[in-house]
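Position 1 is the first residue of the sequence; numbering continues from there.
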Amino acid sequence: MISPGYPLEMAYFTRALAAVGGTVIGVGDQPPSALPEEARSTLAHYEHVSLSDEGAVLGALQRLARHVSIDRVECLWEPYMILAAQLRESFGVPGMTVEQTVPFRDKERMKQAIDAAGIRTPWHVSATTVAAVWEAAEQVGYPLIVKPIAGAGSADTYRVDSAQELAKVLPLLRHVPEVSVEEFVDGEEFTYDTVCADGSILFENVMWYRPRPLQMKMHEWISPTSIVLRDLTVPNLQGGRQMGAEVLPALGFRTGFTHMEWYRKSDGDAVFGEIGARPPGARVVDLMNYASDGDLYVAWAEAVVHGRISQPLERWYNAGCVFKRANGVGRITHVEGLDKLMADYGEHVVLVDLLPVGAPRRDWRAVLISDGLIIVRHSELQQVIEMTERFAAELHMYAS
Ligand SMILES: Nc1ncnc2c1ncn2[C@@H]1O[C@H](COP(=O)(O)OP(=O)(O)O)[C@@H](O)[C@H]1O
Ligand SMILES: [Mg+2]
């Protein structure tokens, strides 16, 4: 398991691999003392090595391989997906090769592969120079999106409505070696996430972003909300589910977690956004667990180790998460509105995880969870919409 304790949820996946019978060797750049307990207590062995030094990782594992057999290489942390694929090739173990992993990392290669399968992507052109961006903008038209081909968390992503705006945005992209210039797709934004084994989808998840992620990133006053949906049979999700089922074979995905984003236009058409060969971040796996009363960490581990999920995963609830950003800079001073909201909805609130008074604010641009989160759940979607909207509007954190 590459990076078995960072980010934190990796430790839950590591623990799950061990829980379903795997003997797990961790390879990571965290010092052993910094490993979360869930990982430290379940790893059979830990190699502390810089993950950015591929030669060092390979060397460490070759030494180990004289004593133990390495049967699988798992990595759920985006920056090291290619490293994991290289290791699989070096050790001749099954799973995704470098060739298969690249389309999950390079958004242009991704869309080329999806286009070739006849699936609807936004119009897109890649560019490595300022002149090429202008040319791409001519072809694509406004409004458009400019974004890195290997971005994450909406970093360096801009909606551009005119040539004047493009002129202002271009200097901000100087540090990005290659961008995608895309048609701006208006609509609602959803995920389509799966756990697969041997090319079969064993578990599906659809999450609704409110508002769209780029909006969350642009305006600090917004309380980003994610809702994992209970009923996946409603008509307006079928385009995305169908698309997801076509995208996975188009990219040759076989086993593990996937996280796709798609747009639903007002005319109902589904348009591909992007896909990762890993679970979604920002506590979405926990939302899946709250929605199903299940354990998706274990379900993934079973899929990887045994090729099946032993417990059926039913969706009982819609589960919604609201991330809060404090007003002001510095340390949290007080929270307002929580008592009233808890009095109204307490029985449906499954998690309140806000920074305590006195804690320094987190950087909301860098981490979606910002200064804390609330998770609610209910079998009726309308109830979750109402509760999340009220937590967004009426719960206030302050800092100074
Ligand atoms: N072609 C597009 N049309 C409309 N919005 C887009 C488009 N591409 C990106 N966005 C917005 O920017 C966000 C981030 O882009 P995305 O491709 O998902 O990259 P990442 O999440 O890896 O940063 C999306 O969630 C969406 O809100
Ligand atoms: Mg995205």
Side-chain angles (χ1 to χ4, degrees), residues 7-16 19-20 36 38 76 189-195 201-210 213 216 223-234 237 240-241 257-261 276 278-303 309-324 338 341-355 367-392 395:
L8 177 62
E9 64 260 37
M10 295 306 139
Y12 304 139
F13 289 110
T14 300
R15 176 175 63 185
V20 305
E38 293 83 356
L76 301 174
E189 206 162 327
F190 298 88
T191 71
Y192 175 77
D193 313 303
T194 73
V195 175
I201 297 171
L202 304 181
F203 177 78
E204 286 178 279
N205 178 69
V206 176
M207 189 192 80
W208 180 24
Y209 290 108
R210 303 191 77 208
M216 300 172 179
S223 297
T225 298
S226 340
I227 303 179
V228 157
L229 299 170
R230 176 180 63 83
D231 185 358
L232 304 191
T233 66
V234 294
L237 299 181
R241 291 178 73 194
F257 237 117
T258 62
H259 169 46
M260 182 180 100
E261 291 173 334
R278 57 165 174 85
R283 306 295 290 265
V284 180
V285 176
D286 292 330
L287 282 185
M288 295 180 200
N289 289 345
Y290 284 121
S292 62
D293 274 333
D295 187 331
L296 265 300
Y297 300 103
V298 167
W300 166 81
E302 287 183 324
I309 297 177
S310 61
Q311 302 293 321
L313 287 161
E314 301 271 347
R315 258 178 300 273
W316 304 107
Y317 304 98
N318 302 277
C321 180
V322 182
F323 299 104
K324 297 305 299 187
L338 187 59
L341 288 161
M342 290 305 282
D344 289 352
Y345 301 127
E347 63 183 307
H348 308 300
V349 176
V350 289
L351 185 68
V352 177
D353 185 4
L354 304 175
L355 282 179
V367 282
L368 185 63
I369 67 162
S370 308
D371 297 320
L373 58 100
I374 306 277
I375 297 179
V376 297
R377 68 179 183 181
H378 198 286
S379 58
E380 295 300 322
L381 177 57
Q382 195 50 45
Q383 295 291 317
V384 170
I385 292 174
E386 177 188 310
M387 291 190 282
T388 51
E389 287 182 350
R390 284 199 53 206
F391 274 100
L395 175 63

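Qualifying side-chain hydrogen bond (donor to acceptor under 3.5 Å, both in side chains) partners for Glu189, counting only residues two or more places apart in sequence or in other chains: Arg212. For Arg230, the side-chain contact (heavy atoms from CB on, under 4.5 Å) test picks out Arg315, Asn318, Ser379, with sequence neighbours left out. Here Glu380 pairs with His378, Gln383 under the side-chain contact (heavy atoms from CB on, under 4.5 Å) rule; sequence neighbours left out. Every residue meeting the salt bridge (Lys or Arg N to Asp or Glu O under 4.0 Å) condition with Glu204, not counting sequence neighbours, appears here in chain and number order: Arg241. Scored by the ring-ring contact (aromatic ring centres under 6.0 Å, His included) test, Tyr12 finds Tyr297 as partners (sequence neighbours excluded). Asp344 meets the salt bridge (Lys or Arg N to Asp or Glu O under 4.0 Å) test with Lys340, Arg390; sequence neighbours excluded. Residues satisfying the side-chain hydrogen bond (donor to acceptor under 3.5 Å, both in side chains) test with Glu9, not counting sequence neighbours, are none. Under the side-chain contact (heavy atoms from CB on, under 4.5 Å) criterion, Ser310 pairs with Glu302, Arg308, not counting sequence neighbours. Scored by the salt bridge (Lys or Arg N to Asp or Glu O under 4.0 Å) test, Asp295 finds no partners at all (sequence neighbours excluded). For Ser226, the side-chain hydrogen bond (donor to acceptor under 3.5 Å, both in side chains) test picks out no residue, with sequence neighbours left out. Annotation: side-chain hydrogen bond (donor to acceptor under 3.5 Å, both in side chains) contacts of Tyr290 (sequence neighbours excluded): none. Partners of Gln311 according to the side-chain contact (heavy atoms from CB on, under 4.5 Å) rule, which considers only residues two or more places apart in sequence or in another chain, do not exist here.
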